[in-house]
Novice: 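Got a structure for you, questions after.
Chain naming here is simple, since letters A, B, ... match the order of the sequence lines and numbering starts at 1 in each.
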Number of protein chains: 2
Amino acid sequence: MSDKTPREIISRRNRPAKAALSRDIIVSTALGILQKDGLSGLSLRRVATALDTGAASLYVYLANLDELYSLMLDRALASVMLPEAGNRPWRDRLKKYLVSYLHVLYERQGLAQLAMSTIATGPNSLRMWEVLLGLLKEGGVDDARLVWGVDMLLLYVTAIAAEQSNWRATGQDFGRVGSALATLSAEQFPLVYALFQGGRFSGIGDGDARTQWALDVIIDGIKANHNSF
Amino acid sequence: MSDKTPREIISRRNRPAKAALSRDIIVSTALGILQKDGLSGLSLRRVATALDTGAASLYVYLANLDELYSLMLDRALASVMLPEAGNRPWRDRLKKYLVSYLHVLYERQGLAQLAMSTIATGPNSLRMWEVLLGLLKEGGVDDARLVWGVDMLLLYVTAIAAEQSNWRATGQDFGRVGSALATLSAEQFPLVYALFQGGRFSGIGDGDARTQWALDVIIDGIKANHNSF
DNA sequence: ACCTGAACACCGTTCAAGT
DNA sequence: ACCTGAACACCGTTCAAGT
């Protein structure tokens, strides 16, 4: 008799009494699910199930799904690598930092998509602004254009990450033109046609070279327009 | 007797025998709903209800929701205004064209969001590529950088539209920093703090001047990097 | 060929009720 | 104060059955 009932009792107590909910483990669990199944696989109900509870329980810690998104994003941004304070020129450090941000977004399925539609709240987003403002300032951009410049860099890199994530997710690959290229008429669209025939579209997804080029474009552009008030 | 039954028959026949479904009216109806209620208000079930049928009926004309998105986007792009072939410089025409694209995205709630996550298919997207390639070519950008340049311009403008739509939708307004600015510590984030105190963030949402500046940044940057192979 | 109702497997969010 | 089950009002998609 004393051998039978303990089994059940132990099986209940052994899982550590439900692991105590908190914002922190909710966000961690959610990021785990995002990593594994992407944004479409993420739901409050799945997070709740993973935490062995019901979706309603999460509302003690979260106002709604949007708040979870916002918290997830800021948490993920913690792993953007700070540039070493070394003696490399500011432009190299700036690009490296932005590429690190790009990688953080790109490596977790769906995070870039989330970053495009969510306004990041919290310390890690602020720290990114601080770092980027510092680097542009070091590059000689004056105060009047600093904020616009940082916003532009962040927005564009976020957009690249979202676009590339999209290609990866859908298997599509040649830019925003999509499969329309297949049914291309030389008379209607001579320029697109010529460039397509010339293979100019095929390598559009070549992430790294293109990203480097694009960052140089923006940085040079900002430098050229930084005091045009 | 002959007076009673007709009523019911007429009431069925008067609604024009169900208006005959087609891809076209499905897309139009969907764009109407998007216009009115935004992306979150759009669903296949709502489109179906508006067309006085069930959601399952739409699957004769659409593979899935994603295809509807794609069709909606291309349809909407039809109203991007072509630049007049006049004698204005290419840069002005390019900027005007991109601003027209921005407005098309911005004016319909949720369309920008849709454009960020959907690869446009169809003739209108191709026509935009054709126009933009032509304008950059006229500006002297060489073939090696044309495709990257157009992709960059389109991606950035799409991203601006999505960001600004987001601000409008949420009432938020100061860039990607969000409400974190309220709890700002001068020691941890001196640069952000100083610029915030100086009011540099408050006008970040000033759409038009900022957009013009950003387009000049990219165009100048492309010109500066257009033959760096 | 086109349309439909019903079903399936999901959602976010609320709320009364429990501890 | 925290957690829960059940309910509400939704989703996209499939499929057998009708015309």
Side-chain angles (χ1 to χ4, degrees), chain A residues 9 12-13 15-34 36-73 109-110 113-114 117-118 169-170, chain B residues 8-9 11-13 15-34 36-73 109-110 113-114 117-118 169-170:
Chain A
I9 292 172
R12 276 171 189 245
R13 301 256 162 115
R15 54 179 77 189
K18 275 290 188 67
L21 288 179
S22 71
R23 265 188 172 222
D24 249 40
I25 53 157
I26 290 172
V27 172
S28 305
T29 307
L31 278 171
I33 293 173
L34 186 75
K36 203 158 43 95
D37 300 317
L39 196 54
S40 68
L42 178 71
S43 71
L44 286 177
R45 286 175 121 104
R46 284 211 36 188
V47 174
T49 302
L51 290 168
D52 199 15
T53 182
S57 304
L58 305 183
Y59 282 82
V60 179
Y61 303 94
L62 304 168
N64 51 38
L65 182 60
D66 268 349
E67 186 169 300
L68 177 59
Y69 284 162
S70 193
L71 293 169
M72 288 170 71
L73 181 56
Q109 282 186 56
Q113 206 179 325
L114 203 153
S117 63
T118 304
T170 62
Chain B
E8 285 169 6
I9 292 172
S11 75
R12 277 173 187 245
R13 300 258 160 112
R15 52 179 77 188
K18 274 290 186 65
L21 288 178
S22 70
R23 265 186 171 225
D24 250 39
I25 51 156
I26 290 171
V27 172
S28 306
T29 307
L31 278 171
I33 292 172
L34 186 75
K36 204 160 41 97
D37 299 318
L39 196 54
S40 67
L42 178 72
S43 71
L44 286 177
R45 288 176 119 106
R46 283 211 39 186
V47 173
T49 303
L51 289 169
D52 200 14
T53 183
S57 304
L58 305 183
Y59 282 82
V60 179
Y61 303 93
L62 303 168
N64 49 38
L65 182 60
D66 268 349
E67 185 168 299
L68 177 59
Y69 283 162
S70 193
L71 293 168
M72 289 170 70
L73 182 56
Q109 282 185 55
Q113 207 180 326
L114 203 154
S117 62
T118 304
T170 61

Novice: What's the closest nucleotide to the side chain of B:Arg46 if the choices are D:dG12, D:dC11, D:dA6?
Specialist: D:dC11
Novice: From the options D:dG12, D:dC3, C:dT13, select the nucleotide whose nearest atom is closest to the side chain of B:Ser43.
Specialist: D:dG12
Novice: For the side chain of B:Ala56, counting heavy atoms from C-beta on, which of C:dG5, C:dT13, C:dC3 is nearest?
Specialist: C:dG5
Novice: Between atom CZ in B:Arg23 and atom P in C:dC2, what is the gap in whole Å?
Specialist: 13 Å
Novice: Would B:Ile26 and B:Leu62 count as a side chain to side chain contact (heavy atoms under 4.5 Å, CB included) if you check the C-alpha gap in whole Å, the side-chain angles of each, and the deciding distance to 0.1 Å?
Specialist: CA-CA 9 Å; B:Ile26 290 171; B:Leu62 303 168; 4.0 Å; yes
Novice: Please measure how far the P atom in D:dA9 lies from the corresponding atom in C:dC10, and state the result in whole Å.
Specialist: 22 Å
Novice: Reading DNA chain D 5' to 3', what string of ( ), [ ], | and . shows its pairs, if Watson-Crick and G-U wobble pairs count only when both distances fall under 3.5 Å?
Specialist: ||.|||||...|||||.||
Novice: Nearest to the side chain of A:Leu21, which nucleotide is it out of D:dC3, D:dC15, C:dC2?
Specialist: D:dC3
Novice: Report yes if the side chains of A:Glu67 and A:Asn64 come closer than 4.5 Å at any heavy-atom pair, otherwise no.
Specialist: yes
Novice: Ignoring the backbone of B:Tyr61, work out which of D:dA7, D:dC2, C:dC2 is nearest its side chain.
Specialist: C:dC2
Novice: The side chain of B:Ser57 lies closest to which of these nucleotides: C:dG12, C:dT4, C:dC2?
Specialist: C:dT4
Novice: Can you tell me the distance, in whole Å, between the OH atom of B:Tyr59 and the C1' atom of C:dA7?
Specialist: 14 Å
Novice: Taking only the side-chain heavy atoms of B:Arg45 (C-beta and beyond), determine which of D:dT4, C:dG12, D:dT13 contains the nearest atom.
Specialist: D:dT13
